[in-house]
Amino acid sequence: MHKSMTYALAAGVLFGLIGVSSAQASDAEASMLANTCNGCHGPDGVSQGPAAPTIAGMNKQYLVESMKAYSEGTNRKSSIMQRIAKGYTEAEVEKIAGFFAGKKFERVAMQNTDSGAAGKGKAIAKDLCESCHEKEGFAAEDYPILAGQMMPYLKNNLMDFKSGSRSIDNNPNMSDKEKRKKKRALADLMEKHGDDGTNAVLNFYASRK
Amino acid sequence: MSKMNRRNFLKTTGGAAVAAGATLAAPTIANAAAGKVVVIGGGVAGATTARYLKLGNSALDVTLIEPKASYHTCFMSNEVLGGHRKMSQIEQTFDGLKSMGVKIVKDTAAGIDAGAKKVKTAGGSTFGYDACVVAPGIDFKLDGINGATESMFDKIPHAWKAGPQTALLRKQLEAMPDGGTFCIVAPPNPFRCPPGPYERASLVADYFQKHKKKSKVVIIDRKDKFSKMGLFTGAWKNLYGYETDNSLIEWRSAASTGGIESIDAGSMTVETLAGGKEKFDVINFIPAQTAGVVASIAGLTNAKGWCDVDKTTFESKVHKGIHVLGDASVATKMPKSGYSANSQGKVCAAAIINMMAGKPVGTPSYVNTCYSIAGDDYGFSVAAVYRYNKEKDIIAGVKGAGGLTPGDASAEMRRREVEFAYSWYNNICKDTWG
C-alpha cells in the first residue's frame with residue numbers, strides 16, 4: 001500500500017470521525033493552504049513576535065487537535081482562531097498541520113526576557129513542567145514546544161487554563177490521569193509559586209534559544 | 001486506554017507524513033525551465049509575489065520595478081498619526097528580496113507592450129518578460145469635488161499612500177492648537193483599507209484625549225455606513241464619549257450632509273450641501289480611488305477604473321501574460337486590504353510557476369485578516385477564509401467561518417487583539433519583504 005494511503009487511513013481512523021466542518025473540501029496543495037497562515041504566524045510558521053505563536057516544528061497531532069478545538073469553540077477559546085479554524089475541512093487541517101510540523105521551530109523574535117527570573121524559572125519548570133514538556137520545553141513528541149515560544153502567548157494560555165476558557169477537563173485528547181497531573185502542576189505553579197514564580201517560568205521558556 | 005497518542009502517532013506515521021508533506025509542498029520545482037517575470041510595484045502584492053516566485057522556483061529571473069527606495073506600509077500608519085509609532089517603524093526595505101535574488105530596479109513603470117511582452121520605464125529602460133505582475137496599488141480620482149487638485153495635498157494631505165504624506169499629517173496634528181478641529185473626508189466605496197479612516201479617527205482621538213483634550217475629530221463621509229461600524233462606534237462610546245456633548249469624534253453620513261461640494265486648501269474649508277462652508281484646522285482629504293495609473297496606461301482597467309482578472313490566477317481579462325493583483329484588481333469579495341494582497345500574491349506566484357511549467361494552476365486558497373486598533377488595549381478584527389466559487393466567479397468566504405470580533409468581547413480579548421495586531425504587522429512584513 002502506498003505510504004500516504006496508510007497515513008490517510010490512520011488519520012481517518014484516529015481523528016476523521018470526530019466533528020464535521022461546514023467548509024467545502026478542496027484539493028488545494030498543503031503549501032497553498034498553509035501559506036495563508038504566514039501573515040499572522042510568520043513565514044513557514046516561524047513567528048517574528050511579539051504574541052502570535054510559532055507553529056513550525058510542532059507536533060502534527062497537537063496542531064490538528066488545536067484547530068479542531070478552535071473550530072468547535074467549546075474547550076479552547078480564542079479571539080481570532082475560532083473564526084479562522086472553521087474555514088478548513090479536517091482533510092485540509094491535516095495538510096496544514098503536516099506542513100508546519102515538517103518545518104523547523106526557529107527562535108528569531110526579539111524577546112526581552114529577564115535572566116534572573118529565567119534562572120529561577122528553570123528550577124520550577126524542572127520540578128513541575130519537565131515530565132511532560134521534556135528537554136526544557138524543546139521536545140515536540142507529545143506536547144507543544146514551549147522553548148522559545150512567545151511569552152505573551154504562553155502567558156495568555158496560562159491565564160486561559162486558570163480561567164477554564166482553555167479547558168483541561170473537556171480536552172478529549174487527554175487521559176484522566178494526564179488531566180489530573182496537568183491540573184496539579186498548574187495549581188502548584190500558580191498557588192505555591194504565585195505570580196513571581198509563574199512569571200519566572202514564562203521567562204525561562206521564552207528565553208530558551 | 002490512554003488517549004495521549006501523539007507520540008505513537010508520530011512514530012507510526014511520522015515518516016509517511018514527512019514523505020506526503022514533501023510531495024504536497026509543491027510548487028517547488030527543481031530544474032524547471034527558468035522564465036522571466038517582471039513585477040511592477042514593491043508594495044504588499046508585488047513584493048509577496050516576487051518573494052513567493054523565488055521561494056517556489058529559485059531559477060526564475062524576477063525583476064521588481066519600484067520608484068521608491070523603501071516602502072512605508074499603510075497598515076500601522078495610523079499609529080504614526082496617533083503618535084504611537086515612528087515613521088521608521090512602518091518602513092520596509094527591499095534588502096530581503098535582493099538577498100534572495102530578486103533584481104530591484106528603482107524606476108517607474110511607464111507602460112506595458114502586451115504584444116511584445118515588454119515593460120518600459122520612465123528612466124528609459126525596457127524589460128522583456130514571460131509573465132508580468134502589475135501591482136500598482138491605487139491612484140486618486142479628484143473629479144466631482146470643486147477645488148480638488150493634486151497640488152492641494154501639500155497642504156491638505158491624503159496620507160492614503162504612506163510615507164511623506166503620513167509624516168506631513170502627523171506634523172500638522174502636532175502643530176494644531178488645543179481646541180482645534182481635525183476633519184477626515186472619508187472616501188466612497190471601493191477604496192484601499194475600508195476600516196482605515198475610522199481607525200485613523202480613533203487613534204487621533206486617542207492623541208487628542210491625552211494631549212489636546214479640547215480638540216475634536218470630524219469625519220465627513222461619502223458613505224452612509226462603513227467597515228466594522230458597530231465595533232468602531234462601540235469603541236468610540238467606550239473611549240471617546242461618542243454621541244455625547246463632549247464626544248471627541250463626530251461622524252457625518254453622506255445622507256446627513258447631502259454630499260461634498262468643494263474643498264479649498266486656501267481657506268481650509270470643506271463645503272457640504274447641507275452645511276455650507278466649514279473651516280477646519282487640519283484637513284485629511286482621502287479621495288475616491290482607482291487602480292494605480294500604470295494599469296490604465298496599459299489598458300488593463302474597466303469602466304470603473306479597476307482591473308478585471310481571472311480570480312484563480314489573477315491574470316488580466318484584457319491581456320494574457322499580465323497578472324494584476326492587490327488593491328488594483330477586482331477580487332470580489334476580498335476587501336482591498338494588506339492581508340488580501342499578501343494572500344493573492346501567493347496564489348498568483350503559484351499560478352505563474354505552474355503555468356510556466358505547463359501544469360494545471362491548482363486550487364487556490366485565500367485568507368484575509370484585518371486588525372484595527374481603536375485605543376490603548378482596544379483592538380478588534382475581521383477575518384475570512386475564502387474559496388473560489390466558479391459559478392458566481394467570486395472569491396467567496398467559507399460559510400460559518402470568519403467574521404468580526406464579537407461586539408461583547410471581553411476587555412482581555414480586546415487587549416489580546418492589539419497584541420495580535422502587532423504580531424500581524426511583524427509577520428506579514430516578514431512574509432512579504434523577507
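Values below: every heavy atom of this structure, side chains too, minus hydrogens, waters and symmetry copies. Convention: sequence-line order gives letters A, B, ...; per-chain numbering from 1. Bear in mind that the values here come from a model prediction, so they are computed numbers and not experimental data.
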Fill in: Heavy-atom neighbours of B:K228 NZ exceed 12 at 6.0 Å
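Yes, the 6.0 Å shell around NZ holds more than 12 heavy atoms from other groups.
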Worksheet entry | Candidate pair B:Y366 and A:T36, rule side-chain contact (heavy atoms from CB on, under 4.5 Å), full reasoning | CA-CA 6 Å; B:Y366 332 66; A:T36 61; 5.6 Å; no
Proximal component of [X], with respect to chain A [non-hydrogen, under 4.5 Å]:
| X | value |
| --- | --- |
| B:Y386 | neither |
| B:V44 | neither |
| B:A383 | both |

Discussion item. I'd like to know if B:R387 pairs up with A:E92 as an ion pair, taking the criterion as any Lys NZ or Arg NE/NH1/NH2 lying under 4.0 Å from an Asp or Glu carboxylate oxygen.
Written reply: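 Here B:R387 pairs with A:E92 in a salt bridge, since their nearest N and O are under 4.0 Å apart.
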Worksheet entry | Short N-O contact, A:R83 and B:E417, less than 4.0 angstrom | yes
Worksheet entry | Top of A:G39, A:G49, A:C37 for chain B proximity - count of heavy-atom pairs under 4.5 angstrom | A:G39
Worksheet item: Using a cut-off of under 4.5 Å for heavy-atom pairs, which of A:I80, A:D44, A:D176 has the most such pairs with chain B?
Response: A:I80
Worksheet item: Passes side-chain contact (heavy atoms from CB on, under 4.5 Å), B:R416 versus A:N156? Steps please.
Response: CA-CA 8 Å; B:R416 288 187 193 182; A:N156 290 346; 3.4 Å; yes
Just give me the residue among [options] that pairs up with chain A most often, heavy atom to heavy atom, under 4.5 Å.
| options | result |
| --- | --- |
| B:Y422, B:Y425, B:Y52 | B:Y52 |
| B:Y339, B:F380, B:W424 | B:Y339 |
| B:K430, B:E412, B:R51, B:M413 | B:K430 |
| B:G403, B:S410, B:P406, B:S365 | B:S365 |

Item to complete: Any chance you could lay out the side-chain contact (heavy atoms from CB on, under 4.5 Å) test for A:M32 and B:V347, step after step, and finish with the verdict?
Response: CA-CA 7 Å; A:M32 172 58 67; B:V347 170; 4.0 Å; yes
Worksheet item: Is it true that a side-chain atom of B:S423 and a backbone atom of A:A52 form a donor plus acceptor pair closer than 3.5 Å?
Response: yes
Worksheet item: Donor-acceptor pair, B:K346 side chain versus A:N35 backbone, under 3.5 Å?
Response: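 Answer holds: yes.
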Worksheet item: Closest heavy-atom contact between B:N427 and A:P43?
Response: O-CD, 4.2 Å
Practice prompt. Write out, in numerical order, the residues from residues 158-165 of chain A with a heavy atom short of 4.5 Å from a heavy atom in chain B.
Written response: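 Hits under 4.5 Å: A:M159, A:D160.
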Worksheet item: Which answer fits A:I84, side chain, backbone, both or neither, if we ask what part of it has an atom under 4.5 Å from a heavy atom of chain B?
Response: both
Discussion item. I'd like to check A:C40 versus B:I428 (side-chain heavy atoms, cut-off strictly below 4.5 Å). Are they in contact?
Written reply: no
Worksheet item: Does the pair A:S79 and B:F420 meet the rule for a side-chain contact (heavy atoms from CB on, under 4.5 Å), with working shown?
Response: CA-CA 9 Å; A:S79 63; B:F420 286 136; 3.7 Å; yes
